[in-house]
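The first residue in the sequence is number 1, and the count goes up from there.
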Amino acid sequence: MTLLCTFDLILYPFDVQTCSILMGTWSGMVSEITFIAGSLDFHRYFGGRGEWNIVNSWAENFTDVWEHFFLRLKRKSLYHVFSIILPVILLSVLDGLVFVLPIHSAEKTGLSVTVLLAFAVLQISFNENLPSNKDYLTLLEIYIYTFMILSTLTVTAAVLVIRIRSIDAKKPLPPMISKFISMMQPRKNSPLTWTDFAEATNQFVFIAFLIFIFGFTTAVIITLVHA
């Protein structure tokens, strides 16, 4: 039996779908057809197979010679958790490590660009499992695209930090920048330099990055699991 349904994939891969099957005959007398409640066990045909589990099934009378069956299916999500969600979280952690590297390290931009490319490959792999004709984004796609944008900002921030550090130390700091350095690194002693500003900027971006990925990831996971 082949069952075709229109799915709402917003919560993929934690989605639950309801499919309907209309069964009956195009010919024959009403007296010749009898539907017996509970006579069709869908678990026998679908249970434990493929990527779906049957949560519930029920039947409703449609006409005297047609019966309307309903299936409530839940996707098996363990494979997708380890192949998509976990790699995204690990890549986001690697992205944050860019700001742990010393500000003079040339590997800052190299690591951030590598993580950005890894996100792009992961997104392509993820899209292969989804219909190409859908006119909306799944929540997990939004999650991956958000981290791709964040990874792009990480590359920009890494380049900016390196550029700030290369400014001539003899050039005076504006008062606002000096206050920012004092706020981020209160133990810094005067005179403050552009290298101090680069370190303070690196620290600020790192803290903002951690807060965002923790809050955003937690919100997405709670929405997927408990929706």
Ring-plane angle category for F197 and W194, please: parallel below 30°, perpendicular beyond 60°, tilted otherwise.
perpendicular
Ring-plane angle category for F209 and F99, please: parallel below 30°, perpendicular beyond 60°, tilted otherwise.
tilted
Using side chain to side chain contact (heavy atoms under 4.5 Å, CB included) as the criterion, point out the one residue from F214, F206, F212 that pairs with L210.
F206
Name the residue from T154, L153, L90, L111 that meets the side chain to side chain contact (heavy atoms under 4.5 Å, CB included) definition with D95.
T154
Nearest 0.5 Å please: distance from the [atom1] atom of [X] over to the [atom2] atom of [Y].
X    : Y    : atom1 : atom2 : result
T201 : I164 : OG1   : CD1   : 4.0 Å
F180 : Q185 : CZ    : CD    : 8.5 Å
I54  : K74  : CD1   : NZ    : 14.5 Å
L9   : L137 : CG    : CG    : 11.5 Å
I144 : L139 : CD1   : CG    : 10.5 Å
S182 : L192 : OG    : CG    : 5.5 Å

Assess whether side-chain contact (heavy atoms from CB on, under 4.5 Å) is satisfied between Y12 and E141, documenting all intermediate values.
CA-CA 9 Å; Y12 177 93; E141 282 180 299; over 6 Å; no
Any non-hydrogen side-chain atom of I85 less than 4.5 Å from a side-chain atom of F126?
no
L11 reachable from V88 in the ILVMFWY side-chain graph, under 4.5 Å edges
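Yes: a chain of side-chain contacts under 4.5 Å links V88 to L11.
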I'd like to know if Y145 and F216 are part of one continuous hydrophobic network [Ile/Leu/Val/Met/Phe/Trp/Tyr, side-chain heavy atoms within less than 4.5 Å].
yes
Residue pair T18 / R72, side-chain donor-acceptor N/O under 3.5 Å
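Note: T18 and R72 side chains meet the donor-acceptor criterion.
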